[in-house]
Number of protein chains: 2
Amino acid sequence: MTDSTVVPLQALKVSCSNCTLRELCLPLGLNREEMTRLDAVIRQSRRLKRGEALFRSGEGFKSLYAVRTGFFKTCISSQDGREQVTGFHMSGELMGLDGISANVHGCNAVALEDSEVCELPFSRMQNLALEIPSLQHHFYRLMSREIVRDHNVMMLLGNMKAEERLAAFLINLSQRLTVRGFASNDFILRMSREEIGSFLGLKLETVSRTLSKFQQQGWIAVDHKHIQLVQPEQLKQLVAGCANAHPTPNH
Amino acid sequence: MTDSTVVPLQALKVSCSNCTLRELCLPLGLNREEMTRLDAVIRQSRRLKRGEALFRSGEGFKSLYAVRTGFFKTCISSQDGREQVTGFHMSGELMGLDGISANVHGCNAVALEDSEVCELPFSRMQNLALEIPSLQHHFYRLMSREIVRDHNVMMLLGNMKAEERLAAFLINLSQRLTVRGFASNDFILRMSREEIGSFLGLKLETVSRTLSKFQQQGWIAVDHKHIQLVQPEQLKQLVAGCANAHPTPNH
DNA sequence: AGTAAGCCTTGATGTTGGTCAAAGCGTTGG
DNA sequence: CCAACGCTTTGACCAACATCAAGGCTTACT
């Protein structure tokens, strides 16, 4: 609409210290000086269009990325072209942790809507972490949380039935939206049925059919990508049995 | 056989600096002083009997553990008792990384044969990591490697057929044995068919049937837990198509 | 605004792997 | 050394999900 040069400078100069996502992505209890040093390292606001890749598997690893606004999927693909979505990522979530091990990105990260990310140059973050113990600890915690999440996905893929998987998926989305202050029972899916299926180890037809089934039972209302959870308790009940017996609190 | 008090002291005093697993579990290029400090923090040799748990989901998290000798499984269980094996672990491999995020262990770690582990008290390791940059980096790399491994398991569970899963499993075991200097085509499975199945998202009968099928084709020889890979190339070929298109080198 | 492409839904049919059952073999512990 | 238990194998049958196919709807591009 307007040329970017006329956007007030203030709007561009978003720093970690005043970012609304602070408690989602940064360690708590940094003092002013530490915050300033962090601000100096993190590059704000790289923008991506829907469909654009933030990084691709095999590319050199330089930085982690935090979602600022928008929505991403990460996925890996096999030699013969099968794709596995390894995660969906919304504001405050970090992507690229799998690139550290070999200094090469291990997955593709693709924006599912127009999005904005913060770039965290990893080697500079590492140096900072040596001097700010809570930052070091914070990164260990973040990586550990990703491992916990992955193990729960294994449980989902290894043990759960189609209905359980989809219910778990919807409840999970709903909870993450709640944390971010969005409506938890009324949302737009940013991904296609095929991408949901890839993540859940199902075919797109099964995803579609299962959504229809939930709708018939009056548990949800489906209008294409617009989903309403009418009876979320029913979904939760469906997931209750197969959920981790020792769920890890998120913080 | 003999009482432990008569074992020569030398045999008990194994330190990281002279451990044969050094290049599997420690960062390279530590100087003598750094090594000494590491030795001071890592507690050697806790022994476990077959079937014994090293830690359990929900217990307070204090330490990471490195397998010294033996073999472990890690698993999580759901409220209604379904179990998902999240990994098998052999010498030089680290367990417990999922406990960092919430200060509580996120899985059970169980010895599948008589085993020995080194204990790495995490908070002391963290402090050490602040002073030894390569140690800090090493831990980031280890955790990242676990994430990469988990993503590959997702691909396995989400996209691969029973035969592909089992072939991938056998090839993976074989490769890890090779690295450790063991025979790569002739080994004893330490886990049951059911545990293999749990890891691969299959039922034990399917595991058994698929092993039989491989044997009929002359690719492997199965004698209960004793497995020989007669034509490992065939197994590799089966896995080739569904393997990660951008495999991450292990180091 | 019109049109093509992509996405979603639904139905009919097929296949893989799960379930149930029984028997053999090994191992362990008394 | 024997008995009991657990693990494995194999067969018969079944269910869940995949595959194939067609039609409708939405979106995006010109």
Side-chain angles (χ1 to χ4, degrees), chain A residues 49-52 73 80-85 110-114 156-170 188-217 220-227 238 242, chain B residues 49-52 73 81-85 110 112-114 156-170 188-217 220-227 238 242:
Chain A
K49 289 240 152 73
R50 182 150 100 90
E52 201 177 338
K73 70 169 177 181
D80 59 8
R82 297 178 234 183
E83 178 173 295
Q84 176 69 37
V85 171
V110 178
L112 295 182
E113 59 178 329
D114 293 358
L156 182 143
L157 293 171
N159 274 307
M160 289 165 61
K161 302 201 166 297
E163 291 191 12
E164 294 170 334
R165 294 183 199 191
L166 203 48
F169 172 74
L170 292 173
I188 306 291
L189 296 176
R190 301 301 169 171
M191 71 296 278
S192 69
R193 303 290 191 260
E194 185 169 18
E195 287 161 335
I196 297 174
S198 170
F199 180 60
L200 299 178
L202 302 170
K203 292 297 162 186
L204 69 95
E205 294 94 332
T206 306
V207 173
S208 181
R209 268 187 253 273
T210 308
L211 285 175
S212 299
K213 199 180 295 177
F214 286 167
Q215 178 164 235
Q216 273 175 355
Q217 293 178 279
I220 69 176
V222 183
D223 175 27
H224 302 277
K225 308 223 155 185
H226 179 199
I227 305 283
L238 190 53
C242 44
Chain B
K49 291 240 152 75
R50 182 152 99 93
E52 201 176 340
K73 70 169 176 181
R82 297 177 234 183
E83 178 173 294
Q84 176 69 36
V85 171
V110 178
L112 296 181
E113 61 178 328
D114 293 357
L156 182 143
L157 292 171
N159 274 307
M160 290 165 61
K161 303 198 166 300
E163 292 191 11
E164 295 170 335
R165 295 183 199 192
L166 204 47
F169 172 74
L170 292 172
I188 306 292
L189 295 176
R190 302 300 168 172
M191 71 297 278
S192 69
R193 302 288 190 261
E194 186 169 17
E195 287 163 333
I196 297 173
S198 170
F199 180 59
L200 298 178
L202 301 170
K203 293 295 162 187
L204 69 95
E205 294 94 331
T206 305
V207 173
S208 181
R209 268 188 254 273
T210 308
L211 285 175
S212 298
K213 199 180 295 179
F214 285 168
Q215 179 163 237
Q216 274 175 353
Q217 293 177 279
I220 68 176
V222 184
D223 175 27
H224 302 278
K225 307 225 156 185
H226 179 196
I227 304 284
L238 190 52
C242 44

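Every value quoted in this text rests on a predicted model; they were computed, and no experiment measured them. The chains referred to below are lettered A, B, ... by the order of the sequence lines, with proteins before strands, and numbering in each begins at 1.
Here B:Lys213 lies out of heavy-atom contact (under 4.0 Å) with every strand. At a threshold of 4.0 angstrom between heavy atoms, the contacts of B:Gly201 are confined to the sugar-phosphate backbone, with no base atom among them. Nucleic acid contact for A:Leu211: none, since no nucleic acid atom lies under 4.0 Å from a heavy atom of the residue.
Rounded to an integer number of Å, the gap from B:Leu200 CG to C:dT16 P is 18 Å. The nearest whole Å value for the distance from the CG atom in B:Leu156 to the C1' atom in C:dG17 is 15 Å. In this structure, the CD atom of A:Glu195 is 14 Å from the C1' atom of C:dC8, given to the nearest Å. As rounded to whole Å, 10 Å separates atom C1' of C:dT9 from atom CG of A:Leu204. Note: CD (B:Glu194) to P (C:dG18) measures 13 Å, nearest angstrom. When rounded to the nearest whole Å, the span between CG of B:Leu166 and P of C:dG17 equals 11 Å. Between A:Ile196 atom CD1 and C:dC8 atom P the separation is 8 Å, expressed in whole Å.
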At under 4.0 Å between heavy atoms, which parts of nucleotides 19-30 of chain C does protein reach? Answer with one letter per nucleotide, 5' to 3': B base, S sugar-phosphate only, - none. BB----------
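Taking each heavy atom of A:Val207 and A:Leu166 in turn, the nearest pair found is O-CD2, 3.7 Å.
The footprint of chain B on DNA chain D, defined by a heavy-atom cutoff below 4.0 Å, extends from D:dT8 to D:dA12.
Among residues at least two apart or in separate chains, ring-ring contact (aromatic ring centres under 6.0 Å, His included) pairs with a member in residues 193-217 of chain B are B:Phe88-B:Phe199, B:Phe214-B:Trp219. Note on residues 199-210 of chain B: no pairs pass side chain to side chain donor-acceptor pair (under 3.5 Å), not counting sequence neighbours.
The salt bridge (Lys or Arg N to Asp or Glu O under 4.0 Å) check on B:Arg190 picks up B:Glu113, with sequence neighbours excluded. Partners of B:Lys225 by side chain to side chain donor-acceptor pair (under 3.5 Å), not counting sequence neighbours: none found. Applying the salt bridge (Lys or Arg N to Asp or Glu O under 4.0 Å) criterion to A:Glu83, with sequence neighbours excluded, gives A:Lys73. Under the rule for a side chain to side chain donor-acceptor pair (under 3.5 Å), B:His224 has no partner lying at least two apart in sequence or in another chain. A:Gln217 is linked by a side chain to side chain donor-acceptor pair (under 3.5 Å) to nothing, counting only residues two or more places apart in sequence or in another chain. Applying the salt bridge (Lys or Arg N to Asp or Glu O under 4.0 Å) test to B:Lys213 and every residue at least two apart in sequence or in another chain returns B:Glu163. Remark: A:Arg82 pairs with A:Asp80, B:Glu164 by the side chain to side chain donor-acceptor pair (under 3.5 Å) rule, at least two apart or across chains.
Each end of the helix from C:dA1-D:dT30 to C:dG30-D:dC1 gets its own rotation axis from five pairs of C1' atoms, and the angle between them is 60° to the nearest 10 degrees.
Checked by atom type and distance alone, the side chain of A:Arg193 never pairs as donor or acceptor with a backbone atom of A:Leu204 at under 3.5 Å.
Nearer the 5' end of DNA chain D, as judged by each residue's closest nucleotide, is the contact made by A:Glu163, out of A:Asp223 and A:Glu163.
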